[in-house]
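Structure record follows, encoded as structure tokens.
Read the numbers this way: they start at 1 and go in the same order the structure lists the ligands and their atoms. In this chain, residues are counted from 1 in sequence order.
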Amino acid sequence: MRTVRSVRELREMLAPERTKGRSIGLVPTMGAFHDGHLSLIRRARSECEVVVVSLFVNPRQFGPAEDLGSYPRDDARDLALAEAEGVDVLFAPPVDEVYPEGFDTTVTVGGLTSVLDGDPARRGPGHFAGVTTVVTKLFNMAAPDVAYFGQKDAQQALAVKKLVHDLDIPVRIQVCPIVRDPDGLALSSRNAYLDSEERRRALGLSRALQAAEETVASGTRDADAVIAAAQAELDKAGIVPEYLELRSASDLSEVDRVDGPTLLAVAARVGKARLIDNAVLRDNETSKEPNDMSSRPGANAPPAKRAAVTLSTLAEKRTLGEPIVMVTAYDYPSARVAESAEVDVALVGDSGAMTVLGYPSTVPVTLDELLTLAAAVRRGLSTPLLVGDMPFGSYEASNEEAIHNAQRFVKEAGCDAVKLERGGTSVERARAIIAAGIPVMGHVGLTPQTATTLGGYRSQGRTAERALSVAHDAMALQAAGCFAIVFEAIPSALTEAIMSRMRVPVVGIGAGPATDGQVLVFHDILGIHDGHAARFVKRYAGVRDEMIKGVAAFADDVRARRYPAPEHGYTMAPDEIERLHELLEEQTGEPFTGGFSL
Ligand code: KIV
């Protein structure tokens, strides 16, 4: 690990890495490392080739009455921990390197920085201006591909995401989950200020969040009731919050109900420490509401216990850095499994051509065949978003045909959206279908429908020129209005390079860990079919072996006359059997000689 103090040294270190095309991850910190920081560093280490950690206690985000002077610092310990985590560069500039004489520029994000901590009566918008100014500077200094922030500072993470979006800064913001001590206390450098009695009281914060979660889980969605449940826990701990508020998890706008992801944020002073904590609450009773998305047209599936996944849920998940889970489904049973496993998206993939219809590739499957599969999936699905895969030949010829066939997926099979493959002419088709009111998911990289043109079922974008063409396809589909894009079988480095330019959720299959979510084929996950599996497939069960075992055991039982046993048969009263014998004798004129078991 190299420790550098100046921007020049940092740039000199990173320039050759960038030229080699290596991905750079930045973890901005104010030091006093705890496991929360280390979780961000580990995430960066697992996703990026070069990891930079900045260690800078930023004076501009502290108010005059705040703890800048006493903020915990232990540079030697931080250095050792960073080294042990495999950090490549520790950037620890002095204050005048970041804010030289005459520095007079401030970057402010409007709106969401003026509530909660940004309320002038609390830390005020100046706090966030300090954060977004230093973060902008760090982005310009290190030019990372990905930057890592913790959900613990949820408002800060949202402000940074907005900053990057509004100023077109080419960096992907990865928000990582809150790390807690086993008793629930969220890790914070300021926990160091707590004595043991205060630490015990501070648990009231996480208990308040938990009480709110339980209240929502029990079906209550009214904001006042949820807040009251949380407040009761704070009262028990003798904590008077600076704020305890429910707000939209995507833009911090006010809410009066928990409908969709909702942030419950709390700040309170416990002893000398000002602590913050939060939880993203989700309504899981949505399916009982009359206008709930889970009662989508055509959905006959049993009522679900969680909220239906919508396009905004997926966008919010991306914003919050929560991975999106997508699986394929092709019939009622696989849909019920996807439902019970609480996946986010179910795709009636044209891979069904091979997995359930036995074709040698996806090319021969017809629209009618996929519609039959999609309608069966719809009957088993309540909450995951249902996407129908437009098969080869159903959208290429013209916008009119593409719109007509996409409408069939929605009207006849009850799909929420459709997916189509490739850039090129598919971009125009996607735009036309979206303009006709149907959401479209794009698909780039290995696009199996045109595998022959791509040189077979092989990974794509492995030279810089071909990688660029995959990137162009993805960006063109995004610009056309696709709500999400699948990246299939492309190098992880290519995914990382594209992700900072993506504004819509990206779901990967064989595209590395940097995407917003992952998709696998149902039969691959469960090991239902035999034969070759792609490199990216991870098998989570051996269902085919179990199925063969089960059917072979049935065959053995039948052949050995062990099945059916008496308990598998139906009985008749003895006098009814006797009468039946008499009737048979009467009608056939022959004595009854057969046997009936009683
Ligand atoms: O058809 C399919 O299964 C797919 C997924 C692999 C994304 O397109």
Side-chain angles (χ1 to χ4, degrees), residues 314 323-331 334-335 337-338 343-367 369-374 376-377 384-395 405-406 409 413 415-423 426 430 439-451 454 456-460 470 473-474 477 482-490 495 504-512 515-529 531-539:
L314 299 181
I324 295 167
V325 181
M326 172 162 139
V327 294
T328 62
Y330 312 103
D331 54 13
S334 54
V337 170
V343 306
D344 302 307
V345 185
L347 168 71
V348 183
D350 61 356
S351 50
M354 286 120 73
T355 54
V356 296
L357 297 177
Y359 290 119
S361 76
T362 58
V363 171
V365 72
T366 65
L367 177 63
E369 284 170 324
L370 281 187
L371 286 174
T372 303
L373 302 186
V377 172
L385 191 85
L386 176 58
V387 181
D389 211 358
M390 299 197 65
F392 184 63
S394 70
Y395 60 93
N405 288 334
F409 267 109
C415 286
D416 301 308
V418 295
K419 174 168 90 57
L420 42 77
E421 291 190 1
R422 293 185 303 110
S426 295
V440 175
M441 175 180 264
H443 183 154
V444 301
L446 172 60
T447 46
Q449 293 174 7
T450 43
L454 298 175
Y457 284 85
R458 52 181 54 203
S459 63
Q460 299 297 306
V470 173
D473 288 348
L477 287 164
C482 286
F483 72 90
I485 301 183
V486 169
F487 286 7
E488 180 166 355
I490 59 172
T495 304
V504 297
V506 172
V507 183
I509 172 162
T515 53
D516 301 304
Q518 298 291 333
V519 51
L520 277 181
V521 165
F522 188 82
H523 289 55
D524 286 339
I525 298 172
L526 296 179
I528 297 180
H529 63 83
H532 168 77
R535 176 189 169 86
F536 52 74
V537 168
K538 179 167 174 191
R539 229 159 233 174

Item to check | N or O contact, Thr328 vs ligand 1, cut-off under 3.5 Å | outcome: no
Checklist entry - Mind checking whether Phe522 and Ile528 have side chains closer than 4.5 Å, heavy atoms only? => result yes
Next on the checklist: If you measure every N or O of Glu421 against every N or O of ligand 1, does any of those distances drop under 3.5 Å?
Outcome noted: no
Next on the checklist: Please find the pair of heavy atoms, one from Ala406 and one from Met390, that lie closest to each other, and give the distance.
Outcome noted: N-CE, 3.6 Å
Checklist entry - For the atom pair CZ (Phe392) and CG (Leu367), what is the distance rounded to the nearest 0.5 Å? => result 14.0 Å
Checklist entry - Tell me, which protein residue and heavy-atom name are nearest atom 4 (C) of ligand 1, and how many Å apart are they? => result Leu347 CD2, 3.6 Å
Checklist entry - Among protein heavy atoms, which sits nearest to atom 8 (O) of ligand 1, and what does the distance come to when rounded to 0.1 Å? => result Lys419 NZ, 2.9 Å
Checklist entry - Any chance CZ of Arg539 has more than 12 other-residue heavy atoms, nucleotides or ligands included, within less than 6.0 Å? => result yes
Item to check | Heavy atom of the protein closest to atom 6 (C) of ligand 1 (residue, atom name, distance) | outcome: Ile509 CD1, 3.6 Å
Checklist outcome for this item: Val521 heavy atoms within 4.0 Å reach ligand 1 at atoms 3 (O)
Checklist entry - Is there side-chain contact between Phe487 and Ile509, with at least one heavy-atom pair below 4.5 Å? => result no
Checklist outcome for this item: Closest heavy-atom pair, Ser426 versus Leu477, reported as atoms and distance to 0.1 Å, is O-CD2, 4.4 Å
Item to check | Element-labelled atoms of ligand 1 that are located less than 4.0 Å from some non-hydrogen atom of His443 | outcome: 8 (O)
Checklist entry - When you measure from atom 2 (C) of ligand 1 to every protein heavy atom, which one gives the shortest distance, and what is it? => result Ser351 OG, 3.2 Å
